[in-house]
Amino acid sequence: MNQLNFQSPWLIATLVVAAVAVTLLLVVWRKGRPFAPGHVFRASRLSAGNHLFPTQVQITPTAIVHHTPHWFGRSEHSIHVAHVASVRVDTGIVFSDAYIETSGGASPVKCHGHRKRDALEMQRLIEQFQSRYYQQSETAKPPVAQNETRR
């Protein structure tokens, strides 16, 4: 029988390379998973700029979070629902892009490489949460008394 010789430099090098490859694949897989529970939309790995670490967008009733993982760390851009001025969806043949513009005049959040269905659902959710937010703020205002006298 052939026995493995663990003192062979080629076998040790092959095992080290395999361990590094498995570690890198685990990191890429882990950073590609949804970063939070709820409505999280992940860009396709087949779209430009999203091959290793796809960009993700989380939409909650109070905020929109644009999450981009990196090898070390991540970058996030959060916008409160009240500060969203408009949502534009550009659909292509395969992928769609969503642009979320703020009322503060900053550059819009650009979400590239989403499926058309996801981009339209992102737009629908943002508009739904904005409507709910403004309806709640209207009901939270104190009533104005009808019989107030001016001095």
Side-chain angles (χ1 to χ4, degrees), residues 12-151:
I12 293 172
T14 303
L15 290 175
V16 168
V17 168
V20 168
V22 167
T23 302
L24 290 176
L25 285 173
L26 284 173
V27 168
V28 169
W29 172 77
R30 181 155 163 59
K31 289 189 174 262
R33 292 184 1 211
F35 74 101
H39 299 287
V40 177
F41 301 92
R42 188 174 55 177
S44 172
R45 288 187 189 268
L46 300 177
S47 62
N50 293 311
H51 299 301
L52 286 179
F53 305 124
T55 296
Q56 300 179 35
V57 178
Q58 178 189 28
I59 300 174
T60 68
T62 57
I64 293 97
V65 180
H66 184 238
H67 173 89
T68 305
H70 302 289
W71 280 111
F72 299 104
R74 65 182 181 266
S75 63
E76 287 186 358
H77 186 181
S78 178
I79 304 170
H80 193 275
V81 169
H83 296 194
V84 173
S86 68
V87 180
R88 186 179 88 217
V89 174
D90 291 341
T91 57
I93 295 173
V94 179
F95 299 116
S96 297
D97 300 332
Y99 299 92
I100 303 167
E101 297 186 25
T102 64
S103 58
S107 60
V109 173
K110 301 170 187 169
C111 312
H112 297 288
H114 292 276
R115 293 180 297 178
K116 180 180 179 180
R117 172 181 38 178
D118 287 347
L120 294 174
E121 179 67 8
M122 287 168 35
Q123 182 180 28
R124 187 192 69 76
L125 280 171
I126 292 170
E127 291 171 354
Q128 173 188 337
F129 291 148
Q130 275 187 318
S131 296
R132 190 179 306 158
Y133 175 80
Y134 287 116
Q135 286 172 354
Q136 288 174 352
S137 65
E138 285 294 320
T139 59
K141 289 182 181 176
V144 177
Q146 296 290 336
N147 300 354
E148 283 188 359
T149 58
R150 293 186 178 220
R151 294 184 188 181

Please report the C-alpha distance between Asp97 and Lys110 in whole Å, then the side-chain angles of each, then the deciding distance to 0.1 Å, and finally whether the side-chain contact (heavy atoms from CB on, under 4.5 Å) criterion is met.
CA-CA 7 Å; Asp97 300 332; Lys110 301 170 187 169; over 6 Å; no
Quick one: [atom1] on [X] to [atom2] on [Y], what's the gap to the nearest 0.5 Å?
X	Y	atom1	atom2	value
Thr102	His77	OG1	NE2	6.5 Å
Ser96	Lys116	OG	NZ	7.0 Å
Ile59	His66	CD1	NE2	11.0 Å
Thr60	His80	OG1	NE2	8.0 Å
Met122	His39	CE	NE2	12.5 Å

Tell me, do Phe41 and Leu125 make a side-chain contact under 4.5 Å, heavy atoms counted?
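SC-SC contact between Phe41 and Leu125 confirmed.
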His67 and its side chain to side chain donor-acceptor pair (under 3.5 Å) partner, picked from Arg42, Gln56, Glu76:
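Of all the options given, the one that passes is Glu76.
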Between [X] and [Y], what is the shortest heavy-atom contact and its length?
X	Y	answer
Ser103	Ala85	N-CB, 3.8 Å
Ala82	Tyr134	O-OH, 3.1 Å
Pro54	Leu52	CD-O, 3.5 Å
Val65	Ser78	CG2-OG, 4.0 Å
Phe95	Gly113	CD2-O, 3.7 Å

For Gln130 and Val84, indicate whether the former's side chain and the latter's backbone hold a donor-acceptor pair under 3.5 Å.
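Yes.
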Test Val57 against every option in Ile64, Val40, Thr68 by the side chain to side chain contact (heavy atoms under 4.5 Å, CB included) rule and name the one that passes.
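Of the listed options, the one satisfying the test is Ile64.
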Please determine whether side-chain contact (heavy atoms from CB on, under 4.5 Å) holds for the pair His112 and Tyr99, giving the CA-CA distance in whole Å, both sets of side-chain angles, and the decisive distance to 0.1 Å.
CA-CA 9 Å; His112 297 288; Tyr99 299 92; 3.7 Å; yes
Which residues share a ring-ring contact (aromatic ring centres under 6.0 Å, His included) with Phe53, sequence neighbours left out
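Phe53 satisfies ring-ring contact (aromatic ring centres under 6.0 Å, His included) with Trp71 once adjacent residues are dropped.
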Write out all pairs satisfying salt bridge (charged side-chain N to carboxylate O under 4.0 Å, His left out) with one or both partners inside residues 124-137, taking only residues at least two apart or from two chains.
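Only Glu121-Arg124 qualify under salt bridge (charged side-chain N to carboxylate O under 4.0 Å, His left out).
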